[in-house]
Visitor: 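One structure, pasted below without further comment.
Bear in mind that the values here come from a model prediction, so they are computed numbers and not experimental data. Atoms considered below: every heavy atom in the structure, side chains included; atoms not considered: hydrogens, waters and symmetry mates.
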Amino acid sequence: MVISSIDMKDGHVVQLKNGKDLVLQRDDADALISEFDRFGEVAIIDLDAALRNTDEKGNTPNTKLLKSLLRKGNVRVGGGIRDVKKARELISLGAEKVIIGSAAWNANRKSDSDPILNVEFLEELVNAIGKQRVIISVDAINGKIAVKGWTETVDISLVEGAREAEKYASELLFTCVEKEGCMQGTDMDMCRQLRDAVKCRVVAAGGVNTVEQIVALERMGCDVQLGMALYTGAVSLKDSFIGCLDWEKVDGMIPVIAQSTAGEVLMMGYSNREAVEKTIDTGKLTFYSRTRKALWTKGETSNHWLDVKKLRVDCDRDTILAIVEPNGGACHTGSWTCFGAEPDAKSNMERLYSTIAERFANPRPGSYTATLNDERVREKVEEEAEEICEAEGKDEVIWEAADLLYFVSVLMYKEGVTWQDVYNELDRRHKK
């Protein structure tokens, strides 16, 4: 599958040829990550950090933009990560994985008896954040490992380096530097050698310029990190996503699981290529009816649409997980989910928040929520906080907690804070 890349330099989104020459520059990072995250993971690369263009605090012209993007998708971050403290900070800010480049290698290696890798650093890193969060770059120029923003090579072959790097990483990111940004295709033989040499996940980058090559790399067992081909329109994420699915294995009919943004499994159906295309084009989950032999978009008769936020595939590329925002019950019986008989959704903080938002947007006669102004809701939070502290016994605590959470949700809505924002902050603290 495709991992879309957002490379940053001097505070802009850029694409460079061979890592040096500026080819294009944009300033729409928020729109890019919103689109890219619909189809899969996103790589954010701080090129200034890779080139050591930093101030005394280690910040670059991209730092502010980088931090703003970290919680807007399934993000991995690379560029100039040279110490464990920096890696831990990026994970705490929302990065799911970090990409380690030059710092992974023993640049002072003088003989074959010297270690290939910076073992001390990598062991400390794995102990701090876990091997599953570590990606090591095995970028190469003419088959030799490239470091320092691709400005130098070390006397370590790609395959030799990859076999050692695999011990400390869940993934290897291979960039064929001489092909990077050239739009002439990548070195397929080198990708195949790398894939055959290691067991971990391999992501190829540099020069990939057609859907056909993306699919060929997928069949080889490699994912693709894509930049220039996306920005120039040579390759579409839609075509790449559909092309990488294993249609032969599922006989042209792929299972699609609908899951709410709150994590609830809602329903399962089957989609052919045309149905997946329509899902992507309309943003509404569409299936293929095997009984009627026709496409059907969920909600076309009930208005209970499933608005698609992102699409993910499983490791075998034969099942799609659609993360959706439901508009009413997903089941034809009226139930919230096809895997339960209850007519309504189970209560959760997102559902409460949505109800509060609806009450303010469309006030109903007698709606208490719509009467709560900023001053009154703060008074109620203070009042309910005091009451839960004075509550005695399980039942009283439950009752008062429900009241407090309701008023806290109203206050959050008025301040433009969502429960996901709160979850993100809790996650950040957990990862410190």
Visitor: Under the salt bridge (charged side-chain N to carboxylate O under 4.0 Å, His left out) rule, collect the residues that match up with Asp281, sequence neighbours excluded.
Guide: Lys238
Visitor: For Ser289, check side-chain hydrogen bond (donor to acceptor under 3.5 Å, both in side chains) against everything at least two apart and list the hits.
Guide: Thr291
Visitor: side-chain hydrogen bond (donor to acceptor under 3.5 Å, both in side chains) with Ser409: which residues, sequence neighbours excluded?
Guide: Trp419
Visitor: Salt bridge (charged side-chain N to carboxylate O under 4.0 Å, His left out): which pairs involve residues 46-66, sequence neighbours left out?
Guide: Lys9-Asp48
Visitor: List, one per line, each side-chain donor-acceptor pair under 3.5 Å for residues 241-254, sequence neighbours excluded.
Guide:
from   : atom 1 : to     : atom 2 : distance (Å)
Asp246 : OD1    : Lys249 : N      : 3.2
Trp247 : NE1    : Ile242 : O      : 2.8
Lys249 : NZ     : Asp318 : OD2    : 3.0

Visitor: With sequence neighbours excluded, what pairs up with Lys278 under the side-chain hydrogen bond (donor to acceptor under 3.5 Å, both in side chains) test?
Guide: none
Visitor: Could you pull out all residues at least two apart from Asn59 that satisfy side-chain hydrogen bond (donor to acceptor under 3.5 Å, both in side chains)?
Guide: none
Visitor: Just checking Gln25: does its CD atom have more than 12 heavy atoms from other residues, nucleotides or ligands closer to it than 6.0 angstrom?
Guide: yes
Visitor: Any salt bridge (charged side-chain N to carboxylate O under 4.0 Å, His left out) pairs touching residues 291-302, not counting sequence neighbours?
Guide: none
Visitor: Write out all pairs satisfying salt bridge (charged side-chain N to carboxylate O under 4.0 Å, His left out) with one or both partners inside residues 210-230, taking only residues at least two apart or from two chains.
Guide: Arg201-Asp223, Glu218-Arg317, Asp223-Arg317
Visitor: Report the residues that fulfil ring pair (Phe, Tyr, Trp, His ring centres under 6.0 Å) with Phe174, sequence neighbours left out, ordered by chain and then residue number.
Guide: none
Visitor: Report the residues that fulfil salt bridge (charged side-chain N to carboxylate O under 4.0 Å, His left out) with Asp30, sequence neighbours left out, ordered by chain and then residue number.
Guide: Lys72
Visitor: Kindly list each side-chain donor-acceptor pair under 3.5 angstrom involving residues 115-124, sequence neighbours excluded, with atom names and distances?
Guide:
from   : atom 1 : to     : atom 2 : distance (Å)
Asn118 : OD1    : Phe121 : N      : 3.4
Asn118 : ND2    : Ala103 : O      : 3.3

Visitor: Considering the options Asp307, Thr279, Val308, which one meets the side chain to side chain contact (heavy atoms under 4.5 Å, CB included) requirement together with Val324?
Guide: Val308
